[in-house]
Amino acid sequence: MSRDRYVDFLRAWAIVLVVLGHWLITALRHGTDGALTAPELLADVPWTQWLTLVFQIMPLFFLAGGHAAGGSWTRSRAAGGTATGWVGRRAVRLLLPTALYSGLVLVAVGICRAVGVDAGTLALVGWAMAMQFWFLPVYLLLSALTPALHTAHRRWGLAVPVALGAVALAADTLVLTVHAPYVGLLDHVLVWGVAYQLGFCWQDGLLTEHRPLLPAALAAGGGAAFAALVALGPFPVSLILVTGQSPSNTDPPSAAMPAWVVAEVGLSLLVAPAVRRLLERERVWRLVRPVGGLSMTLYLWHMLPVLIVAAVLYLTRVAPEPTLGSAAWWALRVPWLLVLGVVLTALVRVLRPLEAGLAGRYERARPDIGPYRPWLLWLGLPAGIAALARFAERGFAADGRFPVLPALGLALGAALVLLHRRPVSGLEHPGGGSVPAKRASGAFN
C-alpha cells in the first residue's frame, strides 16, 4: 500500500511551524543587572497571542499520527502481528533519539552544575531544552493505547472522538468550577486523543467518503465554537501557554482546544485535494519528503541553535537589542530566523548519522523478529512517560539542580523498552546490512 503524501506533508508542515513558532517568539535581552534574560513575547506584547492561531499546529500532527497508526496497526494485525510487537516498535523509534538527546543534555547540565554555572541561568537553559517535551509523553501514551483505541474505533467509529471530547469538556468544567487540577491532566490525553481518533476515522474514510460536506461542517462548527468560547467564555485566544494567564488553553487543554482541533482537522481535509495535486509534482515532493525523515531530529534539537546563537551574539553583546515588539525588533526576526536555520542545518548534518548509527546498531543487535518480553515493555513505558512528563513540566534543571529522579526514570524506562526485544547471537542483523533509513528515522510514522 502506497503512503499518502498528504499525511507526510501534514507531519512535515507541523514540524516546520513548531520550529519557526518557537524561534519567532524567543526573545533575548540583557536586564538592568547585565544578566541575559528571555522575556515572554506573548505576555509582554499581548496582540501576538493571535499569532498562535497560525502556529498551534499540533492537532494536525496528532491527526496525521492517528492516520498513520491506524493503517499501520491494521496491516500488522492482518499479518498476525501482536500489540507488544507493534507498540514496542513505535516506542523504540521514539525513545532511542529522545534518550540520546536527553542524555547529552543531562551530561551538559551535570558539567555546568559542577563548574558552578549560575542556578538561574542553568534553570532557564534547562527549560529551553525541554520546552517541546510536553508532546512526547502524550504521543507515546496514545501510541501505546492504539490497539485498544483502534478496537473502539472499529466498533463505534465517529462516536469515539465525540465521546472523548464530551469527557474532556466535563473534565475542564471540573477544573474551572471546583479547581481540580489533577482532573485536568486527563485532558492532555482526551483532547489530543480526539485528533488522534479523527486520524483513524480519516484513514477509514469516515470523514470524507460519502460525506462531502463534513469537512466544511467541521471547519465552520469548530471555528464558531472556538470564537464563541473566547468571546463569551473565560478562555483566552492564545493557544500556547502564557505565564499568569488563567485559565489556559493548553495547561491543561481547555474546552476551547477541542473546538480548535475540530476546526483545524476540517480545514486540513478541505484543502487536501489541492495540496495533493501539488505533491504529485516531484519537485515539490522532493522538498517535503526529507522533512518527514528528519522530524524527530528537528523536533528534539531545534532549541539548541538558540543557545548557540545566544552565546555567540548576545553574551558578547554583538546583537542589537531593540525594544521587544517594536518595528526594529520585528525586522531583526528575519536575520534571526535565517541564522538559526543555518545553525540547525549544520547540527542536523552532524546528528543524523549519530542517530541513524545508534538505531542501526540496536536493530542489528536486537532485530524486530520476536519473541518479545512483554513485561519489560509494559513496565518501561510508564516509567519513560512519567519521566518525560516531569521534564516537560519543570525542564532539565529545575531551580538550577540536576534532576536525579526524572533522569533515572527515563534511563530505566528507555532501557526496559529497548530490552523487550531479545538479542541475537553476534552483532549482525539476520537479514544482513544496516537498518533501513525509514525505520531508523520514522519515529512519528
Side-chain angles (χ1 to χ4, degrees), residues 1-21 24 51-75 139 153 157-158 161 192 194-224 226 239 259-299 337 341 345 348 436-439 441-445:
M1 181 182 295
S2 62
R3 291 178 62 89
D4 186 339
R5 289 185 175 186
Y6 183 60
V7 176
D8 289 340
F9 165 79
L10 288 182
R11 185 181 293 112
W13 181 243
I15 284 293
V16 168
L17 280 189
V18 166
V19 172
L20 290 179
L24 184 66
L51 297 177
T52 65
L53 300 183
V54 175
F55 287 100
Q56 179 48 276
I57 205 73
M58 294 314 289
L60 297 187
F61 210 112
F62 283 100
L63 176 72
H67 186 288
S72 173
W73 172 237
T74 298
R75 293 189 294 273
Y139 195 82
H153 161 73
L158 280 168
W192 301 116
V194 169
Y196 196 74
Q197 289 285 153
L198 286 173
F200 294 163
C201 297
W202 180 29
Q203 197 271 334
D204 278 356
L206 295 180
L207 298 182
T208 51
E209 294 180 9
H210 310 300
R211 292 182 171 90
L213 298 180
L214 184 56
L218 292 175
F226 177 81
L239 291 168
W260 190 253
V261 166
V262 170
E264 209 164 89
V265 168
L267 183 60
S268 69
L269 296 178
L270 281 174
V271 302
V275 177
R276 280 194 175 102
R277 286 192 293 271
L278 282 175
L279 295 173
E280 289 173 359
R281 302 177 183 178
E282 287 305 314
R283 288 185 179 180
V284 176
W285 179 237
R286 281 198 296 269
L287 293 175
V288 174
R289 184 177 182 179
V291 180
L294 296 172
S295 58
M296 192 66 174
T297 307
L298 295 174
Y299 191 81
L337 294 177
T345 299
V348 167
K438 185 175 178 181
R439 172 168 290 187
S441 64
F444 293 140
N445 292 334

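In what follows, residues are counted from 1 in the order of the sequence shown. Just so you know, these numbers use all the heavy atoms, side chains as well, and skip hydrogens, waters and symmetry mates.
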*asked:* Please give me the minimum heavy-atom distance between A263 and G222, naming the atom from each residue.
replied: CB-C, 3.6 Å

*Side chain to side chain, L24 and F55, heavy atoms closer than 4.5 Å*: yes

*Can you name the closest pair of heavy atoms from Q56 and L239 and give their distance?*
NE2-O, 2.8 Å

*Spatial distance of atom CG (D204) from atom NE2 (H67) [nearest 0.5 Å]*: 9.0 Å

_Atom pair CG (L269) and CD (E264), whose distance is rounded to the nearest 0.5 Å_ = 11.0 Å

_Distance (rounded to the nearest 0.5 Å) between Y139 OH and W192 CH2_ = 13.5 Å

_Minimum heavy-atom distance P59-A195, with the two atoms named_ = O-CB, 3.7 Å

_From L287 atom CG to L279 atom CG, the distance as rounded to the nearest 0.5 Å_ = 10.5 Å

_Heavy-atom pair with the smallest gap, counting every atom of A64 and R11_ = O-NH2, 3.9 Å

_I'd like to check F226 versus L53 (side-chain heavy atoms, cut-off strictly below 4.5 Å). Are they in contact?_
yes

*Any side-chain hydrogen bond (donor to acceptor under 3.5 Å, both in side chains) involving residues 285-294? Give me the pairs, sequence neighbours left out, ordered by first then second residue.*
none

*Please report the shortest heavy-atom distance between G292 and A12, naming the atom on each side.*
N-CB, 4.4 Å

_So if I apply the side chain to side chain contact (heavy atoms under 4.5 Å, CB included) rule between F61 and each of L10, L17, I15, which one comes out positive?_
I15

*Given the rule in the side chain to side chain contact (heavy atoms under 4.5 Å, CB included) test, do L63 and V261 qualify, once you have shown the distances and angles that lead to the verdict?*
CA-CA 9 Å; L63 176 72; V261 166; over 6 Å; no

_Partner residues of H153 under the ring pair (Phe, Tyr, Trp, His ring centres under 6.0 Å) criterion, sequence neighbours left out_ = H150, F200

_Minimum side-chain heavy-atom gap L218-L270 below 4.5 Å_ = no

*With rounding to the nearest 0.5 Å, note down the distance linking CD1 in I57 to CG in L60.*
4.5 Å

*Lys/Arg-Asp/Glu bridge criterion (N-O < 4.0 Å) met for D8, R5*: no

*Do the rings of Y6 and W202 sit parallel, tilted or perpendicular, given the 30° and 60° boundaries?*
perpendicular

*asked:* Looking at every non-hydrogen atom in both residues, tell me the closest pair between S268 and V265 and how far apart they are.
replied: OG-O, 2.7 Å

*Looking at CG of L206 and CD of Q197, how far apart are the two atoms once the value is rounded to the nearest 0.5 Å?*
11.0 Å

